[in-house]
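All ligand and atom numbering here is 1-based and tracks the order in the structure. Below, each value reflects all heavy atoms present in this structure, side chains not excepted, and no hydrogens, waters or symmetry copies.
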Amino acid sequence: MTGVAVLGAGAFGTALAVALSGQGQVTLWARDLRGMRDSRENPRLPGVTLPENVILTDRLQDIGAPVVLLAVPMQQLSGFLRGAAPQLDGRALVACAKGVDLASGQGASALIEQACPAATAAILTGPSFAADIARGLPTALTLACADGARGESLQEDLSTPVLRLYRTTDVTGAELGGALKNVIAIAAGMSIGAGFGDSARAALMTRGYAEMVRLAVALGARAETLAGLAGLGDLVLTCTSDLSRNFRFGRSLGSGGPPDATATVEGVATARAVSALAAARSIDMPVTAMVAAVIDQRLTVPDAMAALLSRPLKEE
Ligand SMILES: NC(=O)C1=CN([C@@H]2O[C@H](COP(=O)(O)OP(=O)(O)OC[C@H]3O[C@@H](n4cnc5c(N)ncnc54)[C@H](O)[C@@H]3O)[C@@H](O)[C@H]2O)C=CC1
Ligand SMILES: O=C(CO)COP(=O)(O)O
């Protein structure tokens, strides 16, 4: 493995650093190490001790690795890249955030290309909870890079005996799959929280998937990418697991309980961003529109479900 660095020491960045440290040294950068240096533990990933091969730093100047994983949340990525571009340009920058930037309507790869024009932009996405990856449980992900040869070498660099990467050149499909499934997971959580049952959740997942594909294909993605780990695979995981923050956030909206204000819930901003994108292109995304309406308190969860059920009957 060539040198790898991970920027952003939340749950996911830390888990990736732990997983890759079995193959060689990994530098993990955080803007604030908050005692992690002494405890060798990250409060965002409790119970996981950082192996010796994980080198902690809060200085971007220390990042010498040619391959850099970006694990800061999506809505912070643009500002982060603007500040860090002088240190990062020219390397392979692999975005691990799942979402659409609300301010620009763009995905992570476009943000990388704008801030670091000499870098190779790539996306790492797919069904994977940080806790599973950090514990070394078997996981399969999608590595997307428009440059096929660079993608192949990144696939080699970032695979381990238990972390199996598939590659694609369909960057748009990979990043939209990860972004859009979070919104549908909020819808699934709302439905479960409101007591609508497992059948309604399956319907929302299936119709949600249909609208994920509709938007992604309209934006240039291949439908097969959405049928893979980056889309369907992650949709299934996130809509059906209590470990998902997006699902849990939706469930608290549905049940009327207080959401966890400290959690990173990428689907919130992405629901707003995608609703605007879809409306501007006249693309029908009723589930996403309902999620955005509930989040912005324009509709209650029962009213959103009633609105979905009263749409004109149509062919599947
Ligand atoms: N946790 C998980 O299981 C998975 C997370 N992801 C994705 O990874 C991304 C990050 O999520 P998590 O690590 O789980 O979130 P987290 O909430 O655990 O951590 C986010 C981290 O980003 C840091 N951060 C925020 N703004 C920053 C900035 N401007 N500069 C530097 N650092 C900054 C915070 O200090 C925090 O340490 C999200 O887009 C998420 O969708 C993807 C797959 C799995
Ligand atoms: O993306 C994830 C799993 O693949 C993590 O989902 P949450 O952000 O909803 O926790």
Side-chain angles (χ1 to χ4, degrees), residues 5-19 28-36 42-46 48 56-60 63 68-85 87-88 94-102 107-108 111 115 123-135 137 139-142 163 174-175 177-189 229-252 259-271:
V6 182
L7 309 190
F12 198 45
T14 305
L16 288 168
V18 170
L28 176 61
W29 172 88
R31 57 183 173 175
D32 174 6
L33 289 169
R34 276 163 305 175
M36 267 167 63
N42 183 340
R44 293 257 174 197
L45 198 59
V48 176
L56 291 171
T57 184
D58 54 9
R59 289 160 39 92
L60 273 178
I63 305 298
V68 177
L69 305 189
L70 304 174
V72 301
M74 188 63 204
Q75 303 309 319
Q76 274 72 51
L77 186 60
S78 167
F80 170 77
L81 281 168
R82 267 197 305 276
Q87 273 88 29
L88 299 182
V94 184
C96 305
K98 294 175 178 172
V100 172
D101 178 51
L102 184 54
L111 298 184
I123 302 287
L124 185 62
T125 188
S128 53
F129 286 127
D132 293 345
I133 288 192
R135 285 164 61 208
L137 300 181
T139 311
L141 295 176
T142 299
L163 194 61
E175 66 185 14
L180 301 176
K181 65 86 191 175
N182 279 335
V183 180
I184 307 304
I186 294 177
L229 294 162
L232 184 59
D234 212 355
L235 179 73
V236 170
L237 179 72
T238 317
C239 290
T240 61
S241 172
D242 271 356
L243 289 183
S244 162
R245 296 163 296 189
N246 286 282
F247 176 78
R248 289 200 305 266
F249 174 78
R251 194 175 55 191
S252 47
D260 176 357
T262 66
T264 298
V265 183
E266 294 283 30
V268 171
T270 295

Considering only heavy atoms of [X], which atoms of ligand 2 have at least one such atom less than 4.0 Å away?
X      : answer
Ser244 : 7 (P), 9 (O), 10 (O)
Pro127 : 4 (O)
Gly126 : 4 (O)
Leu237 : 3 (C), 4 (O)
Asn246 : 7 (P), 8 (O), 9 (O)

Give yes or no for whether the N/O distance cutoff of 3.5 Å, strictly under, is met between [X] and ligand 1.
X      : result
Phe12  : yes
Asn182 : no
Ala11  : yes
Ala130 : yes
Gln76  : no

Measure the distances from the heavy atoms of [X] to every atom of ligand 2 and state whether one is below 4.0 angstrom.
X      : result
Ala185 : no
Lys98  : yes
Lys181 : yes

Below the 3.5 angstrom mark, is there an N/O of Arg245, backbone or side chain, next to an N/O of ligand 2?
yes
Indicate yes or no: does an N/O atom of Thr238 lie under 3.5 Å from an N/O atom of ligand 2?
no
State which residue, out of Glu175, Met74, Lys181, fulfils the side-chain contact (heavy atoms from CB on, under 4.5 Å) condition with Lys98.
Lys181
What part of [X], side chain, backbone, both or neither, has a heavy atom within less than 4.0 angstrom of ligand 1?
X      : value
Arg31  : side chain
Ala30  : neither
Ala131 : neither

Selection from Phe129, Phe247, Phe249 by shortest heavy-atom distance to atom 5 (C) of ligand 2
Phe129
